Amino acid sequence: MGAIQAIRGTRDILPEEVVYWQQVEAIARTVLGRAAYHEIRVPIFEATELFERGIGEATDVVGKEMYTFTDRGDRSITLRPEFTAGIVRSLIEHSLYAGGVQRLWATGPVFRYERPQAGRQRQFHQLDVEILGSADPRADVEVIALATDFLQALGLKNLRMDLNSVGTLGDRQRYRDALVEYFTPYKAELDADSQDRLGRNPLRILDSKDARTQEIVADAPSLLAYLSDDSQRRFAQVQQGLTGVGIAYQINSRLVRGLDYYTHTAFEIQSDDLGAQATVCGGGRYDGLVAQLGGPDTPAIGWGLGLERLILLLKELQPAAAATVDIYVVSRGDRAEAQATQVAQTLRHSGFAVEIDLSGSAFGKQFKRADRSGAAACLILGDAEAEAGTVQIKWLASGDQEQVNQDQLGAIAPDLRQRIAHSRT
RNA sequence: GCGAGCGUAGCCAAGAGGUUAAGGCAGCGGGUUGUGGUCCCGCCAUUCGUGGGUUCGAGUCCCAUCGUUCGCCCCA
């Protein structure tokens, strides 16, 4: 023992799994690109204050989940727990808002100090999408459609979307007061967590899992009743827009998301196949955040999507695609081995995926490995071939074998390519 | 931060106080020193996450610790 292990809550993504990640990233680029979104890359750590001010001191994310440390210059640094705050900081710092509506996306690791469990780690990855500078309900629809398009392009099914409006900060404050008034007489009957939430974040009581609390919640005032006329009209427009582009959703008036900055539209996409951590994608509108962080009044909406959870779902859907090798090169003897290196290079330059056997062991063993590599063809170089400047090409499926001059390999590349493709079908 | 389960080789896994720590997969070597996918043989844990304790004796019991899994909280 004594071997160093990955830190708790972090993990290695091994080659076999990376295939899924690459697939997800490729599809994200396609879907986002064709909606005219641009990638932005922001730092992995920021001043702690950014998150405290942006996400809200009262939230769990800031209160107990941040990876915060002091650097050598005595600054308080925090590993980003989400993307939005950093993107907004960047927008302000570079005056991107001056260029009109900004459609941005980002991906990479984010960090939250929590107990790991199914679908949850301390370092995980998100895909993040934001549209900044528009208050138009069509922006809400566009961004949500991007999430469903992306998930659909990956072939995921059995997802459901909850939609809600949390109104303006004012609407929410009035609702919050109403809730406190409603719950206070029941305080003793609420579960312990909810009693605590009554003072801190009464909206959270609404989705308590405790049975008795839920009985009390059943008669609690509804958030929708506290929305201003304007907020209600907005919410209706978003719903019409979603219906118009054929996106299914259900209204969930208890959907209140964790971060303080949300206004109006809030939504969440969930799956039943993820255990307790069912949320794959969550987001909403945050009209006040840019101003709160010192920028000009800039309405915005966006979402974050958990890539680990997504890949968990993807793995159930499709088996891992084996990485393919076209040609496996087998050689024995000093001269042959030297030539094999050159031949492999030539073939790679012609575009083939070529793996070379470095073992120097008996041909029999090398053939065994050739077979297991999944290669379509095997190139053989021994003393005889080295002497003659030739190479044997053996087709592993049929066992057929032919001889080619080494300097002809470039010329027959198109033919080889065709036959390799053919042998795979 | 709280609760519960688990921790034997690269992977899966038997073993439930007495002893040579089964077996399978993968890997490596050989049968076959230039021809694979089958087959046969051999090798692959002085040791059971770590530390301490109980006992004549512990992988098997107890304690602690670390890791891991699932759940709570919360979220992606």
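A, B, ... follow the sequence lines: proteins, then strands. Residue 1 opens every chain. Not measured: the values here are computed from a predicted model.
- With hydrogens and angles left out, the side-chain atoms of A:S271 and A:R309 include no donor and acceptor closer than 3.5 Å.
- Between A:L206 atom CG and B:C75 atom P the separation is 13 Å, expressed in whole Å.
- Look at A:R11 and you won't find any side-chain N or O under 4.0 angstrom from OP1 or OP2 of B:U68.
- What separates CD of A:Q392 from C1' of B:G34 is a distance of 10 Å, to the nearest Å.
- The distance from atom CD of A:Q366 to atom P of B:U35 is 12 Å, rounded to the nearest whole Å.
- The distance between atom CG of A:L159 and atom P of B:A76, rounded to the nearest whole Å, is 16 Å.
- Taking atom NZ of A:K365 as the reference point, atom P of B:U35 lies 13 Å away to the nearest angstrom.
- Comparing B:G34, B:C73, B:A76 by their nearest atom to the side chain of A:Q277 picks out B:C73.
- Contacts of residues 211-221 of chain A with RNA chain B (heavy atom under 4.0 Å): none.
- The base of B:G36 is paired with the side chain of A:K394 by a donor and an acceptor separated by under 3.5 Å.
- The CG-C1' distance, from A:L274 to B:A76, rounds to 10 Å in whole Å.
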Donor-acceptor pairs under 3.5 Å, side chain of residues 19-27 of chain A to any protein atom, not counting sequence neighbours: which ones?
from  : atom 1 : to     : atom 2 : distance (Å)
A:Y20 : OH     : A:Q318 : O      : 2.8
A:Y20 : OH     : A:A320 : N      : 3.0
A:W21 : NE1    : A:E17  : OE2    : 3.0

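- Backbone-only contact: A:R332 has heavy atoms under 4.0 Å from sugar-phosphate atoms and none from a base.
- The aromatic ring of A:F367 stacks onto the base of B:U35, its centre lying under 5.5 Å from the centre of the six-membered base ring with the two planes under 30° apart.
- Remark: P of B:U35 and CG of A:D357 are 16 Å apart, rounded to the nearest angstrom.
- The ring pair (Phe, Tyr, Trp, His ring centres under 6.0 Å) contacts involving residues 377-399 of chain A comprise nothing, where partners must be two or more places apart or lie in separate chains.
- The side chain of A:R204 sits closest to B:C74 out of B:A26, B:C74, B:G34.
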